[in-house]
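These notes concern the structure reproduced below.
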Number of protein chains: 2
Amino acid sequence: MTKPTESQDFIQPSLNGPSAKLEASLSLAIHEHRLLPGTKLGEDELCDIYSVSRTVVRTALQSLSHSQLVDLKRNRGAFVAQPTIREAREVFEARSLLEPRTAYSAAERMTDEALALLEAHIAAEHEALEAGKPGKALRLSGQFHVDISRIADQSTIAGFIERLVARSSLIIAIYWKRQSALCEKHAHHALVDAFRRRDGSDAEALMKSHLLDILTALDLRDISDPPSKLRDVLKP
Amino acid sequence: MTKPTESQDFIQPSLNGPSAKLEASLSLAIHEHRLLPGTKLGEDELCDIYSVSRTVVRTALQSLSHSQLVDLKRNRGAFVAQPTIREAREVFEARSLLEPRTAYSAAERMTDEALALLEAHIAAEHEALEAGKPGKALRLSGQFHVDISRIADQSTIAGFIERLVARSSLIIAIYWKRQSALCEKHAHHALVDAFRRRDGSDAEALMKSHLLDILTALDLRDISDPPSKLRDVLKP
DNA sequence: GTCTCTCAAATTGTATACAATACTGTGCAC
DNA sequence: GTGCACAGTATTGTATACAATTTGAGAGAC
């Protein structure tokens, strides 16, 4: 079984080397909402900040583009991605298709070690919150989901979930409407409890409702059409 | 609704430009089994063949690596990917999780136009077979699945399916054990029939059994463990 | 004949230079 | 005052040069 560890890179870097390091650093910043959607990532600026050549920057940006964290616009540059409302809905639909099943599998495959790691994970999340690091807490919150998918030991689906969680981070940055911390904290505890009991059905149901809960915290109302003409609006 | 057309690139190229062209060309060759798993893709050789600089080649190879069609091995080069037996199982498991649901959605969203395109697609597939182009038929066979996912109009999941179909092409190149053409030909007809009737449940069930049929045509037997020691085997 | 070591060539990783495109500010016309 | 055109600069796309790593062949030792 693949052991989830916090030291594991959040998004699998392309390969070792300076570009992988840069990619990991940018990925982390995006996940922690230090880099917000729409932010322009200029090549020369990144070269300056990280003291690497443009070659390295471009490789990292391309890789981030494939992770869908960054949009590359030809001849215009790279920008932290901005998922639309439609995409937000799709992402959570895909998550609700994949993750409950994955939670079920994880419960069936659960070991004491994996359980301890999930628990340590939740503790780290709370710690980050108390230390006034909401960005880190947010990232860890998403990582919890990725860890579950890795425990389920189906790497293809885990890869998809990883991608969906990454995309979710961007969606949350744009559309989150709650004041409180991201994932309702009892939800992760309840999941771990189901895992402790190796109760797949319970885990599946909990994951489903947990995802629904996240979805309801997003403001995905259709933006109403702008008025056709100012005259129409402003006319007495 | 996104209209599936055969002229659409099989794998979404990174962006326009020479690297995107090269990527599409290599992707096509891989899908048509003209480039087989394990094949080394040397940078200079590709530069020669396609008359582009190494920059373009490297960009295309990186993108193909993200599509999981190519493995980049640091300091060693790029190789057409070779999925393991385990990965093969995972890919089809993921497909059986996603595609039946997608077929259901496609049936519900079916239009006469989309239906005509699917029918044209099957015709092109048969045509390729009769013209003695099994590689093209194979590619079109996989593309049929991608087209269905696009009709379902959930682009996030369609993206995943596209990736799974790409990976399947490699798996089939390695593990296919049937003599005949790839997808049993009646299966696609039956699916189109269900779509014509807008019968989601039937489409879902047919897709499920179709995928199971493909899976059974793959030789995914565990390779038996090699003997621990030659002495153990050879001792009289 | 086989194995090991060395060296040169091949290949990949990366930096830098040049080419192409987009952006912004200024000046001019209305 | 506003809008448009142009020029200069910034930025991205791509080619090429240089650096680092790998591979394979040949020679020598056993």
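Here is how names work: the chains are called A, B, and so on, in the same order as the sequence lines, proteins then strands, and each is numbered from 1. Computed from a predicted structure; not experimentally measured.
Evaluation of the side chain to side chain contact (heavy atoms under 4.5 Å, CB included) rule for T84(A) yields R86(A), E87(A) as partners, not counting sequence neighbours. In this view, R101(A) and L97(B) satisfy the side chain to side chain contact (heavy atoms under 4.5 Å, CB included) rule, not counting sequence neighbours. The side chain to side chain contact (heavy atoms under 4.5 Å, CB included) search around T216(B) returns R178(B), D213(B), not counting sequence neighbours. With sequence neighbours excluded, the residues forming a side-chain hydrogen bond (donor to acceptor under 3.5 Å, both in side chains) with E119(B) are R196(B), listed by chain and number.
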Atom pairs under 3.5 Å, N or O on each side, protein against nucleotides 6-8 of chain C: can you list them with distances?
none

Check nucleotides 5-10 of chain D for protein N or O atoms closer than 3.5 Å to its own N or O atoms and list the pairs.
none

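Atom-to-atom, CZ of F79(B) to P of dT11(C) comes out at 12 Å; the value is rounded to the nearest Å. Straight-line distance from the CD atom of Q62(B) to the C1' atom of dG13(C): 12 Å, rounded to whole Å. As a whole-Å value, the separation of K73(B) NZ from dG13(C) P is 13 Å. With rounding to whole Å, L41(A) atom CG is found 14 Å from dT12(D) atom C1'. Counting to the nearest Å, the P atom of dT16(C) and the CD atom of E43(A) are 15 Å from each other. When the C1' atom of dT14(C) is taken as reference, atom NZ of K21(A) falls 15 Å away, rounded to whole Å. Between the P atom of dT12(D) and the CZ atom of R54(A) lies a distance of 7 Å, rounded to the nearest Å. Computed from coordinates, the D44(B) CG to dT23(D) P distance equals 16 Å when rounded to whole Å.
The base of dG13(C) lies outside donor-acceptor range of the side chain of R76(B), with no N or O pair under 3.5 Å.
For E127(A) and K133(A), the salt-bridge test fails: no basic side-chain N is under 4.0 Å from an acidic carboxylate O. Using a 4.0 Å cut-off between charged side-chain N and carboxylate O, R139(B) and E32(B) make a salt bridge.
Within the 3.5 Å criterion, the main-chain N or O of R76(A) finds a donor-acceptor partner in the side chain of K40(A).
Side-chain N/O atoms of R95(A) and S168(A) include a donor and acceptor closer than 3.5 Å.
Residue R58(A) places no side-chain N or O under 4.0 Å from the OP1 or OP2 atom of dG13(C). Within the 4.0 Å cut-off from OP1 or OP2 of dT14(D), at least one side-chain nitrogen or oxygen of R74(A) is found.
Residues H33(B) and S169(B) have side chains in contact (heavy-atom distance under 4.5 Å, counting atoms from C-beta outward).
Counting any heavy atom pair closer than 4.0 Å across all strands shown, V52(A) reaches no nucleic acid atom.
Each of N75(A) and K40(B) was matched to the nucleotide of DNA chain C holding its nearest heavy atom; the match closer to the 5' end belongs to K40(B). Each of T55(B) and A78(B) lies near DNA chain C, and the nucleotide nearest A78(B) is the one positioned closer to the 5' end.
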